[in-house]
**Student:** 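Can you keep this structure in mind? I'll have questions shortly.
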Amino acid sequence: MARLEIRKDGDPVLREKAKQVPKVTKRIQKLLNDMEETMYAADGVGLAAPQVGVSERVVVIDVGDGPLHLINPEIIEAQGRDIDSEGCLSFPGVYGYVERAARVKVSYMDRGNKEKRLEATGLLARALQHEIDHLDGILFVDKATQLETTGRETEQRQGD
Ligand code: ZN
């Protein structure tokens with residue numbers, strides 16, 4: 001496994017519409033492993049392939065229940081609404097409140113090429129919507145209100 005470079009705000013790959021993955025190959029499995037390692041190293045709960053410069057529909061998520069690998073994830077049902085604070089590994093130190101569906105049903109392919117579905121609420125529902133947005137070039141700052149940058153990050157930027 002290898003850690004990948006996380007692309008930051010302003011990188012054009014973050015705005016591209018990512019391609020469908022026809023089949024999970026060895027290359028995609030390696031990408032999943034590397035994305036997982038990168039996500040854990042950065043202390044994130046989710047990472048989408050465009051965030052590591054790969055414009056393909058691949059997502060990893062771990063909200064504390066172990067890693068989920070999702071290929072071609074798609075929201076097939078969404079209910080309710082929920083507003084909560086959100087951040088993104090491509091926007092270090094930036095947080096904002098984003099309205100999301102409270103409950104989603106998602107179809108996807110797993111790393112063994114099996115079609116699967118999952119239903120989620122809470123943080124997992126939020127992470128799924130955030131990461132699937134990445135695959136369409138949509139970033140949380142597009143939807144957020146009350147964007148804030150934490151003081152610690154500001155200090156680090158001033159020190160650059
Ligand atoms: Zn993000």
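In each ligand, atom 1 is the first atom listed, and ligand 1 is the first ligand listed. Each residue takes its place number in the sequence, starting with 1. What's counted below: heavy atoms across the whole structure, side chains too, no hydrogens, waters or symmetry copies.
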**Student:** Could you verify whether a donor N or O on one side chain and an acceptor N or O on the other, from Glu36 and His69, lie under 3.5 Å apart?
**Tutor:**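 The criterion, which ignores hydrogens and geometry beyond distance, is satisfied for His69 and Glu36.
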**Student:** Considering only NZ, NE, NH1 and NH2 on the basic side and carboxylate oxygens on the acidic side, decide whether Glu86 and Arg100 come within less than 4.0 Å.
**Tutor:**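 Looking at Glu86 and Arg100, the cut-off is met.
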**Student:** Taking ILVMFWY side chains as joined if any heavy atoms are under 4.5 angstrom apart, and letting links pass through other members, which residues group with Ile71?
**Tutor:**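 Via sub-4.5 Å side-chain contacts, Ile71 links to Leu4, Ile6, Val21, Val24, Ile28, Leu31, Leu32, Met35, Met39, Tyr40, Leu47, Val52, Val54, Val58, Val60, Leu89, Met109.
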**Student:** For Arg103, is the CZ atom crowded, meaning more than 12 foreign heavy atoms sit under 6.0 Å from it?
**Tutor:**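 No, CZ of Arg103 has 12 or fewer neighbouring heavy atoms, counting only those of other groups under 6.0 Å.
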**Student:** Below the 2.8 Å mark, what number of protein N, O or S atoms do you get around the Zn ion (ligand 1)?
**Tutor:**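 Under the 2.8 Å cut-off, the count stands at 3.
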**Student:** Under the side-chain contact (heavy atoms from CB on, under 4.5 Å) test against Val98, which residue among Gln129, Gln146, Arg126 passes?
**Tutor:**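 Testing each of Gln129, Gln146, Arg126 against Val98, the sole residue satisfying side-chain contact (heavy atoms from CB on, under 4.5 Å) is Arg126.
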**Student:** One thing to verify: whether Asp9 and Arg15 come together as a salt bridge, which I'm taking to mean a side-chain N less than 4.0 angstrom from a carboxylate O.
**Tutor:**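 No, this pair does not count.
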